[in-house]
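Data block below; observations after.
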Amino acid sequence: MPVPQSAPGKASASYDVVVVGAGFAGMYMLHRLRGLGMTARVYEQGSGVGGTWYWNRYPGARCDIESMQYSYSFSDELQQEWDWSERYAPQPEILKYANHVADRFNLRSDIQFDTRVERAQFDEESHRWKIVTSDGDTVTAQYVVLATGCLSNARMPEIKGLDRFKGKVYHTGHWPHEAVDFTGQRVAVIGTGSSGIQSVPVIAEQASHLTVFQRTANFSIPARNAALSEEERQWFRAKYADIRYFAREVSRNGIYTEIPDRGALDDRDNERRARYEARWSSGGLTFMSVYNDLALDKAANDTAATFVREKIAEIVKDPATAKLLQPNSHPIGTKRICVDTDYFAAFNRPNVTLVDIKSNPIEEITAQAVRAGGKDYEVDALVLATGFDAMTGSVAKIDISGRDGLTLNQKWAEGPKTYLGLMSAGFPNLFIVTGPGSPSVLSNVIVSIEQHVDWIADCLSHMRAQGCEAMEASKDAEDKWVAHVNELAYATLYPQANSWYMGANVPGKPRIFMPYIGGVGPYRKICDEVAAKGYEGFAMTGAEQPRKLAASS
Ligand SMILES: Cc1cc2nc3c(=O)[nH]c(=O)nc-3n(C[C@H](O)[C@H](O)[C@H](O)COP(=O)(O)OP(=O)(O)OC[C@H]3O[C@@H](n4cnc5c(N)ncnc54)[C@H](O)[C@@H]3O)c2cc1C
């Protein structure tokens with residue numbers, strides 16, 4: 001199909017769809033929109049495609065879901081032709097893949113880089129959105145798709161004196177494009193979530209001394225990363241149809257793995273230990289799939305948590321350091337479990353020190369040092385591995401106003417409210433990819449992205465066929481969905497952790513469990529059923545009956 005020509009991004013240009021963000025979600029959305037013959041403009045604040053993989057260039061950055069699965073499935077040619085070099089590809093390779101996709105599907109001509117979407121305002125007369133961008137343009141679109149990413153708003157910690165520090169300060173989520181060499185330097189890493197855990201072993205090899213400031217010890221499973229052989233790639237390629245089907249339709253987390261048939265306490269100690277050992281040896285996130293009740297039953301969860309704590313004690317030679325590294329504040333898996341390469345072993349190096357800032361909080365940063373517990377740790381460079389204002393952070397930074405001038409930030413002041421994670425009542429024709437209330441970050445996110453983008457594309461096509469010009473989630477359907485999301489979450493152990501799933505890492509953020517925990521496969525069925533029932537819970541308005549959206553009452 002010929003690619004429709006969009007108008008250039010000049011003042012008063014008008015599009016069928018404006019997409020915000022050119023990560024994996026925005027790129028695939030654009031591809032689908034073109035297939036529908038719709039005009040689209042993608043705005044991306046970065047200078048290139050790739051989103052997460054464009055921004056997170058810190059040492060050791062790589063995916064934690066195997067690359068043969070953490071990749072697009074929408075094009076069989078693409079998945080057959082692309083060669084992943086390692087089991088978990090490093091960031092530069094994933095970014096290269098994103099660029100390859102942009103070129104292969106000729107996406108760049110409709111993406112405007114270095115441009116933020118600042119404001120989006122719904123006009124109730126015309127049923128169109130007015131979008132204001134950072135370059136001063138105003139464009140209109142019938143639909144807006146927020147493909148802004150769940151982990152794209154890097155969180156700067158509020159530490160006294162940070163601005164006075166004389167050395168270099170890096171945030172893992174905003175890493176410079178040129179290589180950073182820490183050779184001979186004294187480096188501090190603040191934060192021991194996934195980015196800290198990936199970067200510590202690599203920085204430790206360069207730095208003259210590395211001081212790691214840990215508030216919360218996290219569970220981490222060895223990646224067992226290795227080069228992929230041609231045989232392994234061929235195995236995946238031959239089975240891709242089954243693997244992708246399973247990930248999309250059957251799995252809970254978008255990953256091809258066996259479904260456990262028993263609970264942890266159904267096995268005797270020896271059997272259980274053997275199973276955990278086997279998973280520890282094979283490595284990766286599927287450690288949590290050994291048993292079917294690890295997220296549900298604290299006693300079951302304790303068996304896995306204890307196993308990992310014992311492993312940490314085996315690896316880390318200094319008993320006091322090992323004890324600090326053993327997580328005790330939350331059940332295993334209730335914060336996104338980390339996947340590492342030699343993280344715990346890094347603390348056996350003579351040039352690595354662990355500082356517990358739970359009991360000795362950072363008091364301030366001086367010109368040359370991090371001061372914690374009354375002691376100055378002198379450093380030349382600071383690495384802030386302090387994570388993200390997750391799931392809602394990038395959406396909140398856009399001034400979005402819907403029906404009656406209500407802003408999305410006002411509506412979400414007590415926590416995000418959506419129907420299916422896809423739309424929020426009062427904001428017609430505004431879609432969110434992997435929004436709060438959908439499996440998103442509890443899954444292989446590319447699987448969830450593809451599902452949402454396909455659902456949105458099918459929905460737009462349906463609306464066009466029906467002559468509808470506006471669509472909106474009903475308040476009633478949204479309330480029921482929010483209650484359902486909460487009910488499922490609180491039946492698990494997840495809310496027990498102070499996690500970014502709960503917004504707990506951002507001071508003042510409402511404590512709401514944001515993602516949908518019911519599983520990728522079941523969630524997809526719900527979305528498909530909603531569509532099959534004529535988009536149940538959504539109101540659609542035809543061109544001949546403007547301004548009457550029954551759903552918003
Ligand atoms: C270090 C790291 C490792 C990860 N590893 C994995 C993994 O192994 N497996 C997994 O499933 N997930 C992983 N994730 C999650 C990852 O974010 C998703 O897998 C996926 O890349 C998200 O794609 P996206 O397009 O939805 O969002 P993003 O990749 O975040 O892209 C969103 C884009 O929107 C842009 N944007 C935001 N607001 C605006 C605005 N107002 N105007 C213009 N542009 C805007 C941003 O600049 C960004 O480029 C990881 C995340 C991080 C941070």
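When a ligand or atom number is given, it counts from 1 through the structure's own listing order. All residue numbers refer to positions in the sequence shown, counting from 1.
The aromatic rings of Tyr143 and Phe431 sit tilted relative to each other, their planes meeting at an angle between 30° and 60°. Using a 30° and 60° split on the angle between ring planes, Trp175 and Phe182 fall in the perpendicular class, above 60°.
Ligand 1 has a nitrogen or oxygen under 3.5 angstrom from a nitrogen or oxygen of Val117. At a 3.5 angstrom cut-off on N or O pairs, Asp64 counts as close to ligand 1. Note: no N/O pair closer than 3.5 Å links Thr434 and ligand 1 by distance alone. Considering both main-chain and side-chain atoms, Cys150 never comes within under 3.5 Å of ligand 1 through any nitrogen or oxygen pair. At least one N or O atom of Phe24 sits closer than 3.5 Å to an N or O atom of ligand 1. For ligand 1, none of its N or O atoms has an N or O atom of Ser394 under 3.5 Å away.
Contacts between Asn153 and ligand 1 below 4.0 angstrom, taking non-hydrogen atoms only, are absent altogether. Contacts between Tyr88 and ligand 1 below 4.0 angstrom, taking non-hydrogen atoms only, are absent altogether. Contact annotation: for Val445 versus ligand 1, heavy atoms closer than 4.0 Å belong to both the backbone and the side chain.
Side chains of Arg524 and Pro439 form no contact here, defined as non-hydrogen atoms less than 4.5 Å apart.
Of all the atoms in ligand 1, the ones that sit under 4.0 Å from a non-hydrogen atom of Gly51 are 28 (P), 29 (O), 31 (O), 48 (C), 49 (O).
Here Phe347 pairs with Tyr343 under the ring-ring contact (aromatic ring centres under 6.0 Å, His included) rule; sequence neighbours left out. Trp55 is linked by a side-chain contact (heavy atoms from CB on, under 4.5 Å) to Glu44, Gln45, His174, counting only residues two or more places apart in sequence or in another chain.
Heavy atoms of other residues, nucleotides or ligands lying less than 6.0 angstrom from NZ of Lys411 number more than 12.
Between the choices Gln69, Glu44, Arg62, the shortest heavy-atom distance to atom 48 (C) of ligand 1 belongs to Glu44. Remark: among candidates Tyr70, Tyr58, Trp53, the nearest residue to atom 19 (O) of ligand 1 is Tyr70, based on non-hydrogen atoms.
In this structure, Ser194 does not count as a contact residue of ligand 1, since none of its heavy atoms falls inside 4.0 Å of the ligand. In this structure, Ala147 has a heavy atom closer than 4.0 Å to ligand 1. Heavy atoms of Arg119 stay at 4.0 angstrom or farther from ligand 1.
Annotation: cation-pi geometry satisfied between Arg57 and Tyr54 (NZ/CZ under 6.0 angstrom from ring centroid, within 45° of ring axis).
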